[in-house]
**Q** 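Pasting in a structure now, in structure tokens, and then I'll have a few things to ask.
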Amino acid sequence: MITDPEVFHETRLPRELLHRDSETSQLSRILKPAVSGHYPEDALITGPSGVGKTVLARFLLDNPQQPTAVATTHIRALGMTCGDLLREAINDHPSGTTVHRGTPTADLPQILQELVDDPYLLIIDEADDVPETDALDMLAGVPEVATIVIAHDADDWFARVDSRYRSRFDGDHHIRLTRYTATELADILEPRAEFGLESGAVSREQLVTIGNIVAGVARRGIQTLRWAAKIAENQDHDAITDRDITDGRARAQTEIRESNLRSLPYHHHVLYELIRAHDTLESSKLHDSYEAIQEHAYAKNRPQHPISRRARRTKLDKLREYDLIDWTEHEDNSRMYRVIDASIASEFDIPLTPLGR
DNA sequence: TATCCACCGGAATTTATGGAAG
DNA sequence: CTTCCATAAATTCCGGTGGATA
């Protein structure tokens with residue numbers, strides 16, 4: 001069934017960007033000065049997750065098929081401070097100069113300025129929470145450096161960045177990506193089916209179905225197709241069935257949640273498992289049971305210690321952000337927690353009942 | 001009605017961690 | 001080994017909200 005798993009890899013760049021013609025030429029125009037050795041210009045790329053923001057930037061700047069001469073670094077900025085950002089920009093620059101964690105943040109602009117002669121582009125990916133204004137302040141004295149910022153919500157991003165920088169990312173310099181239509185996404189999936197699957201494994205009609213059930217999110221479409229093919233393979237089907245597609249989508253979703261949970265530290269797991277042990281759990285009950293089991297859940301050989309209520313709330317926010325739990329608000333300010341998919345278990349072995357019960 | 005309590009979440013403050021240089 | 005610097009995570013403090021109780 002699957003002849004080339006490579007085709008479905010997250011980091012794989014397509015040979016051409018279908019249905020992104022205007023966006024591609026828009027970014028090319030912005031990059032023009034940089035390519036011809038002049039001071040580079042900034043850009044902002046926004047849109048929901050999984051519709052190709054990173055792919056668009058990489059397609060033009062980090063593409064083995066058509067390399068550009070412009071020095072570029074790709075920074076996954078999620079949760080970074082502006083010091084981190086500058087340090088990574090310095091360390092990734094081809095000049096070879098490196099800088100360590102303890103270097104005063106205030107010294108970094110000077111160091112960067114001394115090492116760049118030619119245009120240097122920073123792709124700041126997942127920039128939703130980074131303090132852009134601070135970073136732009138620090139880059140202000142280095143005209144050879146420009147940033148390609150990738151974020152989800154344009155309004156959010158503009159609200160956070162100081163007004164004196166906004167014009168550099170607005171108008172022609174702002175590229176908005178939207179979800180694909182079902183048929184557009186089918187067009188995108190088609191070459192992957194052609195090169196990654198046996199011929200005849202999936203019909204055009206089914207690709208459109210996938211486009212519909214993933215609501216035009218390309219990343220989810222590709223993973224759904226991959227899982228549908230895997231499932232069809234396991235079931236010895238000659239071709240992918242409609243049922244395989246439904247199951248494939250569910251499997252793809254589970255996979256994301258599992259990897260989300262794995263990526264979280266121990267505290268989150270304790271809270272998650274407490275909620276998972278019930279259908280629904282009220283906030284007061286959740287805190288009570290946490291306090292009841294904390295002695296055992298945080299045994300002596302564990303480096304972590306039980307955390308305060310306030311810190312628990314932060315963990316719960318994170319669990320919800322990762323689509324692992326949800327809650328409904330009560331009129332009395334409390335909440336009713338529940339897990340989204342109770343079949344997903346923590347890999348930690350967490351004792352949920354105090355001894356003697 | 002006035003007071004108390006539990007909860008949420010923003011902000012300020014403290015604590016823990018880790019790499020590098022002296 | 002100690003000191004320095006930056007940073008993440010946790011605690012402390014607090015104002016706002018709304019139900020329960022006297």
Side-chain angles (χ1 to χ4, degrees), chain A residues 75-93 95-115 122 124-139 153 156 159-162 260-272 274-275 278 280-295 297-322 324-339 346 348 350:
Chain A
I75 302 173
R76 288 197 57 221
L78 190 70
M80 279 187 161
T81 64
C82 74
D84 292 330
L85 221 74
L86 273 266
R87 260 177 226 106
E88 194 154 331
I90 290 166
N91 291 334
D92 280 3
H93 190 268
S95 73
T97 312
T98 56
V99 93
H100 59 80
R101 252 162 60 86
T103 312
T105 305
D107 299 351
L108 298 174
Q110 178 72 25
I111 296 170
L112 184 64
Q113 183 169 23
E114 278 164 18
L115 95 196
L122 312 181
I124 304 184
D125 206 344
E126 304 178 66
D128 294 272
D129 300 315
V130 302
E132 269 307 313
T133 298
D134 299 346
L136 291 169
D137 282 340
M138 306 197 77
L139 290 172
D153 190 295
D156 269 11
R160 281 204 333 274
V161 77
D162 192 276
N260 282 348
L261 182 59
R262 257 198 308 277
S263 74
L264 291 169
Y266 187 71
H267 301 306
H268 299 78
H269 290 250
V270 176
L271 290 161
Y272 178 81
L274 280 171
I275 299 170
H278 304 76
T280 57
L281 191 57
E282 218 177 319
S283 27
S284 55
K285 292 264 169 50
L286 173 62
H287 288 301
D288 287 351
S289 33
Y290 183 94
E291 281 147 25
I293 65 149
Q294 59 184 12
E295 300 277 311
Y298 293 84
K300 1 180 171 5
N301 49 356
R302 231 172 230 307
Q304 298 91 344
H305 302 294
I307 53 175
S308 70
R309 289 179 176 233
R310 183 66 190 86
R312 286 172 227 162
R313 276 178 235 144
T314 325
K315 308 300 173 202
L316 291 162
D317 284 340
K318 196 74 183 174
L319 283 166
R320 183 163 74 155
E321 193 188 317
Y322 276 18
L324 290 163
I325 67 167
D326 199 8
W327 60 75
T328 52
E329 310 271 343
H330 251 213
E331 310 76 52
D332 63 352
N333 289 324
S334 70
R335 296 164 173 175
M336 196 62 101
Y337 295 98
R338 64 189 173 82
V339 300
S346 166
F348 289 103
I350 298 163

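Every chain is numbered from 1, with letters handed out A, B, ... down the list of sequences.
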**Q** Is the phosphate of C:dT11, meaning OP1 or OP2, less than 4.0 Å from a side-chain N or O of A:Ser308?
**A**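 Indeed, a polar side-chain atom of A:Ser308 lies that close.
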**Q** Starting from P on B:dC8, measure out to CZ on A:Arg320 and report it in whole angstrom.
**A**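 Result: 12 Å.
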**Q** Output the single nucleotide from C:dG19, B:dA6, B:dC8 whose closest atom is nearest the side chain of A:Ser284.
**A**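 Of all the options, the side chain of A:Ser284 is nearest to B:dA6.
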**Q** Using whole Å, what does the distance between atom P of nucleotide C:dG15 and atom CZ of A:Arg310 come to?
**A**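 Taking CZ of A:Arg310 and P of C:dG15, I get 15 Å after rounding.
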**Q** Calculate the interatomic distance between A:Lys318 atom NZ and C:dA9 atom C1'; express it in whole Å.
**A**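 Result: 13 Å.
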**Q** Ignoring hydrogens, what is the shortest heavy-atom contact between A:Ile325 and A:Tyr337? Give both atom names and the distance.
**A**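 Smallest interatomic distance, heavy atoms only, reads CD1-CD2, 4.2 Å.
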**Q** Calculate the interatomic distance between A:Leu86 atom CG and C:dT7 atom P; express it in whole Å.
**A**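 Distance, rounded to whole Å: 10 Å.
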**Q** Between C1' on C:dT7 and CD on A:Glu88, what's the gap in Å once rounded to a whole number?
**A**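 Value for this atom pair: 15 Å.
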**Q** Please find out if less than 6.0 Å separates the ring center of A:His267 from that of A:Tyr298.
**A**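 When the ring centroids of A:His267 and A:Tyr298 are compared, they turn out to be within the sub-6.0 Å range.
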**Q** Would you say that A:Phe348 contacts A:His269 through its side chain, given a criterion of any heavy-atom pair below 4.5 Å between the two side chains?
**A**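 Yes - at least one pair of side-chain heavy atoms lies under 4.5 Å apart.
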**Q** Round to the nearest Å and state the distance from A:Asn333 atom CG to C:dG15 atom P.
**A**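 Taking atom P of C:dG15 as the reference, CG of A:Asn333 is at 17 Å.
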**Q** From C:dA10, C:dG19, C:dT17, pick the nucleotide closest to the side chain of A:Asp332?
**A**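 Among the listed nucleotides, the one closest to the side chain of A:Asp332 is C:dG19.
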**Q** With a 4.0 Å cut-off on heavy atoms, is A:Lys315 in touch with a base, just the backbone sugar-phosphate, or nothing at all?
**A**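 Sugar-phosphate, no base atom in range.
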**Q** Can you tell me if CZ on A:Arg309 sees more than 12 non-hydrogen neighbours from other groups inside 6.0 Å?
**A**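 Enclosed.
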**Q** Base, sugar-phosphate, or nothing for A:Pro306, non-hydrogen atoms under 4.0 angstrom?
**A**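 Sugar-phosphate: the residue A:Pro306, judged by heavy atoms under 4.0 Å, touches backbone atoms but no base.
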**Q** Could you state the CG-P distance from A:Leu316 to C:dA10, rounded to the nearest angstrom?
**A**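 That distance rounds to 13 Å.
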**Q** With respect to the side chain of A:His267, which nucleotide from B:dC8, C:dA10, C:dT7 is positioned closest?
**A**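 Nearest to the side chain of A:His267 among the choices is C:dA10.
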**Q** Without decimals, in angstroms, what is the distance between A:Arg309 CZ and C:dA9 P?
**A**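 One finds 23 Å between P of C:dA9 and CZ of A:Arg309, rounded.
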**Q** Flag the pair A:Arg312 and A:Glu291 as a salt bridge only when some basic side-chain nitrogen lies within less than 4.0 angstrom of an acidic carboxylate oxygen.
**A**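 Yes, A:Arg312 and A:Glu291 are salt-bridged.
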**Q** Kindly say if A:Arg313 contacts the phosphate of B:dC7, meaning a side-chain N or O under 4.0 Å from OP1 or OP2.
**A**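 For B:dC7, neither OP1 nor OP2 has a side-chain N or O of A:Arg313 closer than 4.0 Å.
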